[in-house]
Every structure is written in structure tokens, then in C-alpha cells.
Amino acid sequence: MFNTSQEVSEVFYSVIGGVVLMIFLATIFILSIIRYQNKERKYHDEKKALNDKFSKTLLQSRLEIKEQTLQQIGYELHDNLGQVASLIKIHLNLLSFEDEDTAKQEVDNIKELTKQLIMDIKQLSISLNSERVVQLGISKGLEFEVEQLKKIKNFQIKLTKPSEFPDIDSNTTIILYRMIQEILNNTIKYSKAKRISIDVTKTEKKLTLVFNDDGIGFDLKNKLKEGGSGLINLNTRARLINADFKIKSKIDEGTTIIIEVQL
Amino acid sequence: MFDFTDIIYYILLLSAIILSLIAPKDHFRGLIYLRILLIVGFCSELSVDLINSNYKAVHAPPSPIHYFYIPFEYIMLSVFLKKYLKVKLVKTLINFSFIIYVLVALYFSIFYYSFGKDYPGIIYNFGIGFLIIWSSLLLFNLEFNKKVKLIQLPIFWICTAIIILYSGVFFYNGVYNYLVDARTELAYKLRRNINLNLNFIFYILLCYSFICSIRHKKSAKSSTL
Ligand SMILES: Nc1ncnc2c1ncn2[C@@H]1O[C@H](COP(=O)(O)OP(=O)(O)OP(=O)(O)O)[C@@H](O)[C@H]1O
Ligand SMILES: [Mg+2]
């Protein structure tokens, strides 16, 4: 069949070469599958870690919302209810029964004030139930926060939002709500702003929240270095709820914070 | 003129064409190249068989059509694989390989083979070598798809199909050159059998990959509804 021994050895080597090639390809094939499976495992591990982190953040956000609620209750008790109660006490002190007409007048006043006090207490118990706010959704939550801000100081606050709000799942709502609170807290604590605006817009694919103040602004890089968990938390939480997060701030020009939630 | 295996071959090839046409273009990168390749493959195969219809299939000599189809096949498959390869260097290498391939093919067609009479095994092997490298690289660096399991990933089956078909052909083409002088009939017969059987596997895997992508589209649709 073969004429020379050279041809035989050529055939021999090409067959050996072929077999080696086959083994090589089989190895690559198996390695590829193993590698792919490792990628798969890594993905699942990462997903699990992310889920864990999400539940942790969720819990943390819930606690922080409660904490803030307590603060708000404290403020409300001291500044509103306390005031009214003091007024009632003053009226009671002034009460004298010598002149029946003025006494009647005073009692009427006290009645009126007591009525207001009761109404305020009712209002407080309704409006400061943080879980309720979350159940009502981001739209009502924003309204509520703006109301709270208005009570604290005379900022000019403008809230614009679409009439229809998209459905956001409750976990995302809680985290987003806490982010909003943190942003507004920072604004009232540090910005010295006169005007604050909150603009919410909605498209098919995303919900955009823009917080703007005309305050003193800050240097983002420095503040991140100095620490303060607020800004860092904002960033990580945004990532957890799959939102884009941007801070633009210039000293003396104010601060703009943008959150884009993917729907 | 067509025997039983030929008929199976054409049935498989036609099924692959039909499935490739049903497969969703948007869910399948580079599908168009496979469609073109399969259709051109069908036409050229059919014309070779018709031209050789006076031979018994086993004795059919190689045809000049192969000299056009083989480079065409190499280019189509490489362009297809290029769509999936991420590394820039590899993409550049593939582009570069086209030039080298055409030059090599021309050289061997003119100086080495008597055009249309010999089976252009060296030209074939040259492209096959490249194709095996590209598909091994691709397989090794397959992007992880979180929605789809590996065994339902069309590109996984296509790479597997390419590696199986071409490593087999590559292996045989080496031996063929020696056999064809010494025992022509045996060489033809072996080539035909090996080619046919490997092609069966190739088309079955290809069909399966199209079926996978059709299924994905369906499940993607029902999950968005
Ligand atoms: N709207 C703003 N205007 C001006 N300065 C701001 C504003 N928001 C944040 N800053 C500055 O960025 C710093 C960091 O804020 P961050 O929320 O990270 O920390 P913090 O509020 O001091 O602490 P924490 O939020 O953990 O209670 C603040 O100390 C403040 O100086
Ligand atoms: Mg803060």
C-alpha cells in the first residue's frame, strides 16, 4: 500500500498528530465546560451575597425610618403639642371666677385649645406611623416629608410630581424612602438653603427624582474622604435598588442630587 | 443517483435551513451568516450531486465547486464566530486570516492542485485549523448567560458542532493525501463516509441550537406577558 518507509512514517506521524489534536480539543472542551460552570457558581454566589446585602439594608433602612419617626414625634411633641398644652395651662392660670362673662370666655378658649390639642394628637398618631407612609408609597411619602420640612423652618419648598406614580415594590420603596429622608436631612442640616425643590418625573422606563437646593454646597471628594456614612450609604443603596445616583455640588452654588430608578 | 444516506443528508440540511429561518434573528447574533451558509451549502451540494449524477456516489470525484465553497464556508463561519468573540486582538486576527486564507487558497489552487480534479484538502485544512482555534477560544471564553443553561445555549452547540465536524475532517484530510494515490477508491469511500457521518452530527447539532433559540424566544415572550 505504501511505497517507501518515509511514506509510512509520514502516515504514522499524521495519525499520531491527529490523535494528539483530538485529545487536545477534548481537553479544551472539558475545561471550557468547567470554566463555564465556575462562572455560573460565582454568579450565584454573588447573587446570594447581593440578596443578603439587600435584606440587611432593608432592615437598616426600616430602623432608620423608625428612628427618624421618633425624632419627628419628639419634635412635634415639644414644638406643637407642648406649645398648645402650655397655652392651656396659661389660660387656666388666668382663669378667675369673679366676672362670670370673662370666665365663660376663658373656658371657651380653653375648650377650643383642648380640641386643637386632641386633633393634633390624632394627627400625630396618624401621620407619624412610618410603616403607613411606606404602604402609601413614594408619592405620599414625599408629600409627608415636605410637610414635615415646612414645619421645621421657613424654607421655600417646591414639590412637583406626576399625577400617576408607577408601582414600585415595597422593599425598594422602603430603601428609596430612606434615601429621600437622608437627602432631605442633609439639606436641612447643612445646606443653609433658602429654596429647595424636589422634581419627580416619570417615563416608561424610569422614575427620576431631582433634589435641588441653593445652599452652601460642598466638595464631594473631601466629604467622602472625611467620612459620614450618609453619602456613602446613599450610593450603595442606590446600587442595591438598581438606581442611578448622582451628586452635583459646588461650593456656594448649592447641591443637586439625582436618583433614577429603573422600572 | 441519490442513495438512502444522501436523502437523510438532504433532509437534515433542509431541516437546518428551515429551522434557521424560523429562529429569531434578534435573539441570535450573526444568524444571517448561518442562513446564507446553509442555503449556499445546499445549492452547491445539490449541483455537485447533479453534475456527478452519472457516477455512483461512492466513485464521485471532487468538483470545482468545492474550490469556491470551501473558502466561502470558512469566511462565513469565521464572520459568525467573530460576532461572539470579545477580544479585539482575536477579531483582528480573524480579519487578517481572511487575507492569508485567500492567498493560500489561490496558491494551492493554481500551483498544487489541478483545479477541480483534486480534492483541495490542504486548503480545507488550512481554514479548518483556524476555525477550530476560533471556536475553541470562543468556547473557552463563553459569556455567562444568567437566563439560559449552558446546554441550552445555541452558541455552545454551534462551537461543539464546529469542533466535532472539523477535527474529524482535519484528521482525515491528512491521511487522504496518501491514500488517494495508493488506493483511490478506498480514499473516496472513506472520505464520503466520514464526511457524511460528521455532517449528520453537525447538522443535528445545528438544528438543536436553532431549536434552543426558538424555545428561548417563546419562553421570553410568555414571561413578559
Ligand atoms: N445639601 C448639602 N448642602 C451642603 N452640604 C452638604 C449637603 N449634603 C451633605 N453635605 C455635606 O456632606 C457631609 C457628609 O454628609 P453625610 O450625610 O455623608 O454625613 P453626615 O450627615 O454628616 O452624617 P450621617 O449622615 O452619617 O449622620 C456633611 O457633613 C455636609 O458637610
Ligand atoms: Mg447625613
Side-chain angles (χ1 to χ4, degrees), chain A residues 1-54 166-169 172 203-206 239-242 261-263, chain B residues 84-86 121-122 125 128-153 155-187 190 194 198 205 224:
Chain A
M1 177 173 166
F2 300 113
N3 301 324
T4 60
S5 66
Q6 193 209 343
E7 260 181 22
V8 172
S9 75
E10 273 178 34
V11 172
F12 179 77
Y13 286 121
S14 70
V15 170
I16 294 282
V19 170
V20 170
L21 177 75
M22 292 281 186
I23 293 171
F24 176 71
L25 287 175
T27 316
I28 287 204
F29 190 75
I30 293 165
L31 285 180
S32 304
I33 291 174
I34 293 172
R35 202 174 130 132
Y36 190 87
Q37 278 171 346
N38 282 340
K39 282 184 195 167
E40 197 168 359
R41 189 168 330 120
K42 203 170 145 208
Y43 169 78
H44 287 302
D45 287 353
E46 272 167 13
K47 201 171 151 194
K48 193 172 168 289
L50 200 71
N51 275 342
D52 289 351
K53 199 171 172 198
F54 190 87
D167 280 332
I168 303 175
D169 75 271
T172 307
T203 62
E204 282 267 299
K205 283 189 192 134
K206 62 190 179 188
R239 246 182 288 149
L240 277 181
I241 60 171
N242 197 13
V261 187
Q262 249 65 42
L263 298 176
Chain B
Y84 286 82
L85 283 158
K86 280 278 144 62
I122 294 179
N125 267 6
I128 287 173
F130 280 135
L131 278 177
I132 289 178
I133 294 172
W134 310 147
S135 33
S136 308
L137 274 177
L138 176 51
L139 205 57
F140 198 62
N141 294 305
L142 216 51
E143 276 170 77
F144 174 65
N145 187 324
K146 62 184 174 199
K147 289 186 205 122
V148 185
K149 285 214 181 86
L150 179 64
I151 52 162
Q152 289 162 358
L153 212 60
I155 187 66
F156 169 73
W157 288 115
I158 291 175
C159 283
T160 309
I162 289 177
I163 289 179
I164 290 178
L165 170 67
Y166 288 134
S167 59
V169 174
F170 190 84
F171 191 11
Y172 177 66
N173 278 348
V175 183
Y176 176 83
N177 275 336
Y178 302 105
L179 275 186
V180 79
D181 292 333
R183 309 226 356 220
T184 316
E185 192 153 319
L186 176 67
L190 265 180
I194 289 176
L198 287 173
L205 291 179
T224 49

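Everything quoted here is computed from the prediction, not taken from an experiment.
Only the side chain of B:Leu153 has a heavy atom closer than 4.5 Å to any heavy atom of chain A. Using a 4.5 Å cut-off between heavy atoms, B:Phe170 touches chain A through its side chain atoms alone. Looking at A:Leu31, both its backbone and its side chain come within 4.5 Å of chain B, counting heavy atoms on both sides.
Residues A:Tyr36 and B:Asn145 approach most closely at OH-N, 3.3 Å, considering heavy atoms. Shortest non-hydrogen contact noted between B:Ser167 and A:Leu25 is CB-CD1, 3.3 Å.
Ring-plane geometry between A:His44 and B:Phe144 is classed as perpendicular, the angle between the planes exceeding 60 degrees on a 0 to 90 degree scale with a lower cut at 30.
A:Ile28 contributes atom CD1, which lies 7.5 Å from atom CG of B:Leu137 (distance to the nearest 0.5 angstrom). One finds the OG1 atom of B:Thr160 at 4.0 Å from the CZ atom of A:Phe29 (value rounded to the nearest 0.5 Å). From A:Arg35, atom CZ reaches atom CG of B:Asn141 across 5.0 Å, with rounding to the nearest 0.5 Å.
More than 12 heavy atoms of other residues, nucleotides or ligands shown are found within 6.0 angstrom of CG on A:Asp169.
Annotation: salt bridge (charged side-chain N to carboxylate O under 4.0 Å, His left out) contacts of A:Lys206 (sequence neighbours excluded): A:Glu260. When the salt bridge (charged side-chain N to carboxylate O under 4.0 Å, His left out) test is applied to A:Glu40, no partner is found at least two apart in sequence or on another chain.
Using a 4.5 Å cut-off on side-chain heavy atoms (C-beta onward), B:Leu150 and A:Ile33 make contact.
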